[in-house]
Each structure stands twice: as C-alpha cells, then as structure tokens.
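Numbering of ligands and ligand atoms starts at 1, following listing order.
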Amino acid sequence: MTELDIDAERLLGRLRTLGEIGRDDGGKLTRLAASDTDRLGRDRVGGWMREAGLEILVDRVGNLVGLWRTGAEGAAPLMLGSHIDTVINAGIYDGCFGVLSGLEVIETLKAAGARPQRPLAVAAFTNEEGVRYAPDMLGSLAYAGGLGVAEALATVGTDGTVLGEELARIGYAGTQEPGFLRPHAYLEIHVEQGPVLEHQGIPIGAVENVQGISWQRVTIEGEANHAGTTPMRMRHDAGQAAARVVTFLRERVTRGNAPTVATVGCMTFEPNAINVVPSRASFTVDLRDPDEERLREEELALARYLDELAAAEGVTIQTERLARFAPVAFDGAVVAAIEQAATRRGLRSRRMTSGAGHDAQMIARLCPTAMIFVPSAGGISHNPREHTPAEDLVAGANVLLDVTRALCGG
Ligand code: GLV
Ligand code: MN
Ligand code: MN
C-alpha cells in the first residue's frame with residue numbers, strides 16, 4: 001500500500017468550526033439532539049459532505065449519511081461514523097472527531113484517485129448522547145433494527161418535546177428506512193474520554209469491547225411538611241431518601257475491586273422550597289460494568305436497597321428503565337487490523353475496553369465493527385475542557401485511513 005495521509009489542517013479546521021456551532025452567549029457549547037443548534041451542526045456537516053461530492057441521505061430517525069458510491073455499487077459499503085449531538089456544556093471532540101475523520105478519510109481517498117472496491121459511507125447518528133431523548137445511541141440502535149421507527153419517533157424528551165416532531169421541525173425527518181445501507185464493516189474513531197492512553201503514553205487504542213449500560217429514573221414520593229415544625233422522626237422526606245441512594249451507590253461500587261461505576265447525574269425535588277420537606281424526588285441512575293452478570297447483580301442490589309429504604313423512610317419508590325444495553329464485543333479481525341495499521345505507522349497501540357457508550361456498539365449488530373481511540377488530556381470529557389493534542393488526532397485519523405484502505409482494497 002502506498003503512503004497516503006489525511007489533510008490535517010482541513011480536519012482540525014473543521015473540528016474547530018463545528019465546535020463553534022451551538023455556543024450560547026456565555027460561550028457554552030450545547031447541541032442537543034434535534035434542537036436548533038443540532039440543525040446548524042447538521043447543515044454544516046452536510047454541506048461539507050456535499051462539497052466532497054457525497055450523496056446525502058437521511059433516514060426516518062434523522063441519521064445523516066454521506067455516500068461515495070465509488071463505482072462499486074454491487075458491494076456492501078464500508079461505513080465510518082459517530083455523532084455530532086453533544087451533552088450540555090460540551091467539548092468539541094466527542095463524536096464530532098469520528099464524523100469529521102470519516103469524511104476526511106473519504107475526501108483523502110477521492111483526492112488521491114483511489115478506486116475502493118466497495119462504496120464508502122460516513123454517518124452522523126441521531127441522539128447518541130441521550131441527554132435529551134433516552135435511550136442514548138437511539139439513532140444507531142434504530143439503524144441496527146433494535147428500536148422501531150414509530151417508537152423512536154414517539155420518544156418524549158426531558159423537555160417534553162417529541163423526537164419525531166423535532167426532527168421534522170429542523171428538517172431532518174428523512175425518508176430512508178434506518179438500516180438502508182447494510183455495511184460490510186463499520187469503523188468509528190473517538191476520543192478515549194478516559195485516562196488510560198495518556199497515562200501510558202500510548203497514542204492508539206484498539207477498542208475490543210464496550211461495557212454494559214443501565215439507565216433508570218427513580219421517583220420517590222414522600223410527604224410535604226413544614227420544615228420548622230415537623231419533628232425529624234415524623235418526616236417522610238423524599239429528598240433525604242434520594243440522598244441515601246446516592247450514598248448507597250457510591251459506597252457499594254467502591255467497596256470491592258470491580259470496575260463498576262455508578263452516577264446520579266440528574267435530581268429534582270418538589271416542591272423545591274427552602275422551608276418544605278420534599279414531597280417528591282426524581283433522579284437518574286447510570287450504572288455500568290463490562291461484565292453482564294455483575295451489572296445485573298448491581299441492578300438487583302439497588303432494587304433491594306430501594307425496597308428497604310421505602311420501608312425505613314415511609315416513602316414509596318418507583319423505577320423506570322431508560323436504557324439497558326449489555327456489554328458488546330467487537331470483531332477480532334477488525335481490532336487486529338487497527339493494531340496492524342498502528343504498527344505500520346510506527347505508533348504504539350493497546351487493546352482496551354470502552355467505558356463510554358458509542359454508536360459502534362449498535363452497528364456491531366449489523367456487521368464486523370471496531371473502534372479506534374486517541375488519548376484524552378487528563379481523561380476529561382463531557383466537559384468543555386475536553387482536549388486531545390492535534391498530533392494524536394491526526395495520527396488516529398491516519399490509522400482510520402489505513403484501516404479503511406485495508407478493508408476496502410483498491
Ligand atoms: C455517551 O456519551 C455515554 O453516556 O457513554
Ligand atoms: Mn461520543
Ligand atoms: Mn458523549
């Protein structure tokens with residue numbers, strides 16, 4: 001294979017440009033799925049796809065795909081991709097790096113006059129983050145057939161909006177059926193969002209699996225009462241009960257050596273007044289573990305604790321499942337191809353598990369799949385300080401280019 005490199009300045013420039021779309025007056029970047037800012041981001045990325053000569057296709061759940069037919073229409077396409085929706089007050093790399101690297105790889109091959117033996121597609125999947133609509137990775141899940149279109153479009157967001165209505169409003173309710181291209185293989189490059197690669201001084205992660213994810217909403221009903229007059233022993237304090245759950249989770253998952261992680265990221269109280277014992281607390285629980293058995297045990301332990309807590313505090317507790325995905329193993333041959341590509345570039349690599357959820361774990365239901373990670377400075381992500389040095393971004397995108405060439409031939 002002759003040496004070929006991506007255009008580093010084009011890739012880095014686009015990352016910066018996309019990273020400016022969706023900033024509020026205070027400079028915070030937020031592009032929640034199917035919002036006005038998501039529309040602006042999609043328009044920009046779709047524009048770049050069009051300028052690169054790709055055919056733009058949008059499916060019914062809003063997944064945006066740029067397709068280069070390459071003259072090899074009979075063959076199944078190689079798909080690259082990730083997402084461009086963000087969390088609240090986000091960094092510029094999560095997801096965007098994967099979509100823009102996929103586009104960069106395709107443009108590089110086109111400019112070099114390459115003749116891939118299969119079509120090449122780059123996808124930006126809808127609502128990967130799951131901040132506005134649950135479950136996370138909704139677009140890729142629907143693409144892989146794991147969620148029906150009607151159900152996906154009927155999803156009600158944290159702000160009361162309906163996904164299908166919002167997609168129509170922003171002009172991204174497409175006509176293709178999700179899964180309209182059945183890929184030969186899928187590759188996703190992403191920032192690690194954790195500390196491992198940076199700590200070990202290794203530039204490339206060959207991701208061989210993704211841990212399981214369990215999301216629930218817990219609602220505790222107590223009794224509102226006067227904060228000054230109600231003796232402590234007479235209270236049915238939903239806020240106190242919620243706080244006990246936070247502490248229970250932290251203590252339980254830090255007790256042993258298991259890699260389980262638990263997060264309570266959202267919590268609201270009612271009536272939310274300084275001098276009223278909370279009558280209601282509603283909060284989310286994000287539990288993750290690479291081992292399905294252990295993840296199930298943690299879910300059961302939480303359920304048992306909630307039963308005990310309800311009795312002890314005189315409150316009622318309900319849970320609602322928001323997302324549940326078992327751990328996913330990627331394709332060994334694709335992981336090996338990533339390692340080989342890194343070695344040929346003189347880059348050290350290591351196999352690793354993804355702690356974050358990714359569209360790749362859904363597309364893995366359809367075709368051989370794996371991911372490439374590049375280091376995250378300080379292991380920080382879902383934070384505006386998210387950063388990856390330019391050198392690492394470019395090295396990773398070149399590995400994506402080489403694996404693409406290896407999987408496409410020509
Ligand atoms: C997606 O970013 C996740 O929550 O892992
Ligand atoms: Mn991501
Ligand atoms: Mn994310």
A.B. asks: Below 4.0 angstrom, N of the basic side chain to O of the carboxylate: do R39 and D36 qualify?
C.D. replies: yes

A.B. asks: Got a salt bridge between E293 and R296, using NZ or NE/NH1/NH2 to carboxylate O under 4.0 Å?
C.D. replies: yes

A.B. asks: What does the list of residues with a heavy atom under 4.0 Å from ligand 1 look like, ordered by chain and number?
C.D. replies: E128, E129, R288, A356, G357, H382

A.B. asks: Taking 4.0 angstrom as the limit, do R405 and E3 come out as a salt bridge?
C.D. replies: no

A.B. asks: One thing to verify: whether E107 and K110 come together as a salt bridge, which I'm taking to mean a side-chain N less than 4.0 angstrom from a carboxylate O.
C.D. replies: no

A.B. asks: Do S282 and R217 have a side chain donor and acceptor closer than 3.5 Å?
C.D. replies: yes

A.B. asks: Salt-bridged, D5 to R345, with N to O below 4.0 Å?
C.D. replies: yes

A.B. asks: Any donor-acceptor pair under 3.5 Å linking the side-chain atoms of S214 with those of E299?
C.D. replies: yes

A.B. asks: Specify which N/O/S atom of H190 comes nearest to the Mn ion (ligand 2), by atom name.
C.D. replies: NE2

A.B. asks: Between the side chains of E104 and T108, is a donor N or O closer than 3.5 angstrom to an acceptor N or O?
C.D. replies: yes

A.B. asks: Out of L141, L322, I213, which one pairs with P135 under the side chain to side chain contact (heavy atoms under 4.5 Å, CB included) rule?
C.D. replies: L141

A.B. asks: Which protein N, O or S atoms lie under 2.8 Å from the Mn ion (ligand 3)?
C.D. replies: D94 OD2, E129 OE1, E129 OE2, H382 NE2

A.B. asks: Below 6.0 angstrom between ring centroids: does that apply to H358 and F373?
C.D. replies: yes

